[in-house]
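Contents: one structure, followed by commentary.
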2 protein chains.
Amino acid sequence: MKQTELQEILKQKGLKTTNQRVLVFKALESCPGKHFTAEELYDVIKVDYPEIGLATVYRTIQLFLELNLIDKINLDDGFVRYEIVDNNNLKHHHHHFICVECGKVYSFEEDLLEDFEAHVEKAFGFKILNHEVKLYGLCKVCLQKNWI
Amino acid sequence: MKQTELQEILKQKGLKTTNQRVLVFKALESCPGKHFTAEELYDVIKVDYPEIGLATVYRTIQLFLELNLIDKINLDDGFVRYEIVDNNNLKHHHHHFICVECGKVYSFEEDLLEDFEAHVEKAFGFKILNHEVKLYGLCKVCLQKNWI
DNA sequence: GTTTATGCAAATATTTTGCAACGTT
DNA sequence: AACGTTGCAAAATATTTGCATAAAC
């Protein structure tokens, strides 16, 4: 997504295109797949724009969540994290695998969850709109380490 | 699980069976499937044991998590919640469906996730030990309301 | 010029921690 | 008696909010 598209989205809602909003967006976009905390975004942006306030970062995150520009992720480490939504894959948010040994987080796509969701919708009469799937376990690297 | 079993588990680890630990356990056990916040547990226990401190509740929750007596659940409402682990179904933690309209949380079992996990293990070389699945959408009741 | 957004500081809310007193083994 | 545990209060952490100023339209 280009900066002009962000401008367009904001204009449609009667919102203003500020330096701060553009910078938060650029920071998130520069590292797709990275799970930023609010503080991390703040630190990144402060380098080029030291006058930004942490409260603005929080407010911008809130706004971007409402505009569905970013996803919220909770990895149970005491921080809520955010990553930019992948426009090429709007239908399905990806899943996260968290290694309990090294703490590394792996993101991946896996369509088999659709069967699961279809079954749940049928069995319980729900309409599923979104999901958050976290798998915990040992990653390939840590499994191999344990073999030694 | 009986109180004597809790006592046994604690003794094995060289930990003491205190009134506070028994009361937190009983509170959790009295409502299986209920998602307690720390504060809710505190309030429940205070009725019969007003001298308990909130810090003790937090410390007991931490302990029970380490002993795998309870599960941690985050429903994105600003509170971390806990529920007692179902001993009759140790293999599989259940899943949660959260209605975005009424906010109600439905817990359910669904084995189809095993296929999903088996596939992920094979495809990425992970060893999956646990999972947390949250589905967001409209529940049966709210779907019907919207038909009117 | 009007309205929205920002930065700062203070407030909120949740959870953790230090420590003296206490309870369990 | 020894050691783990508790309650309290204070600290730490994360996030939100009020308000005067500033920037965008």
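Lettering follows sequence order; numbering is per chain, from 1.
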Original post:
Want to settle it: does Val80(B) or Thr18(B) sit nearer the 5' end of DNA chain C, counting the closest nucleotide to each?
Top reply: Val80(B)
Original post:
How long is the line joining CZ of Arg81(B) and C1' of dT15(C), in whole Å?
Top reply: 16 Å
Original post:
From dG7(D), dT15(D), dT6(D), pick the nucleotide closest to the side chain of Tyr49(B)?
Top reply: dG7(D)
Subject >> Heavy-atom closest contact (Gln20(A) atom, Tyr49(A) atom, distance) >> reply: NE2-OH, 3.5 Å
Original post:
Could you state the CG-C1' distance from Asn19(A) to dA23(D), rounded to the nearest angstrom?
Top reply: 9 Å
Original post:
Where is the tightest heavy-atom contact between Phe36(B) and Glu40(B), given as atom of each residue plus distance?
Top reply: CA-OE1, 3.3 Å
**OP:** Look at the side chain of Arg21(B) and decide which nucleotide, out of dT6(D), dA5(C), dG7(C), has an atom nearest to it.
**Re:** dT6(D)
Original post:
Nearest to the side chain of Lys16(B), which nucleotide is it out of dT24(C), dG7(D), dC25(D)?
Top reply: dT24(C)
**OP:** Nearest whole angstrom, please: distance from the P of dT14(C) to the OH of Tyr42(B).
**Re:** 14 Å
Original post:
With a non-hydrogen cut-off below 4.0 angstrom, is Thr37(B) in contact with a base, only sugar-phosphate, or nothing?
Top reply: nothing
**OP:** Please report, rounded to the nearest Å, how far the P atom of dA12(D) is from the CZ atom of Phe79(A).
**Re:** 15 Å
Subject >> Length of the line joining Lys46(B):NZ and dG7(D):C1', which is rounded to integer Å >> reply: 13 Å
Original post:
Atom NZ of Lys13(B) and atom C1' of dT25(C): how far apart are they, to the nearest Å?
Top reply: 19 Å
Original post:
Is Glu39(A) touching bases, backbone alone, or none of the nucleic acid, heavy atoms closer than 4.0 Å?
Top reply: nothing
Original post:
Nearest-Å distance, CG (Leu10(B)) to P (dT6(D))?
Top reply: 10 Å
Original post:
Which of these passes side-chain contact (heavy atoms from CB on, under 4.5 Å) with Leu28(B): Val44(B), Leu69(B), Ile84(B), Val85(B)?
Top reply: Ile84(B)
**OP:** Starting at atom CG of Leu54(B), determine the distance to atom C1' of dT16(C), rounded to an integer number of angstrom.
**Re:** 11 Å
**OP:** Looking only at side-chain atoms of Leu15(A), point me to the closest of dT15(D), dT15(C), dA5(C).
**Re:** dA5(C)
**OP:** Go through residues 55-67 of chain B and report each residue with a non-hydrogen atom lying under 4.0 Å from DNA chain D, sorted by number.
**Re:** Ala55(B), Thr56(B), Arg59(B)
Original post:
What heavy-atom pair brings Phe126(B) and Cys139(A) nearest, and what distance separates the two atoms?
Top reply: CD2-CA, 3.8 Å
**OP:** Search all heavy atoms of Lys34(A) against all heavy atoms of Glu83(A) and return the closest pair with its distance.
**Re:** O-CB, 3.2 Å
Original post:
Below 4.0 angstrom from OP1 or OP2 of dG7(C), is there any side-chain N or O of Gln20(A)?
Top reply: yes
Original post:
Closer than 4.0 Å, any side-chain N/O of Thr17(B) to the OP1 or OP2 of dT25(C)?
Top reply: yes
Subject >> Nearest heavy-atom neighbours spanning Phe116(A) and Glu110(B) >> reply: CE1-CG, 3.3 Å
Original post:
Would you call the rings of His131(B) and His95(B) parallel, tilted or perpendicular if under 30° counts as parallel and over 60° as perpendicular?
Top reply: tilted
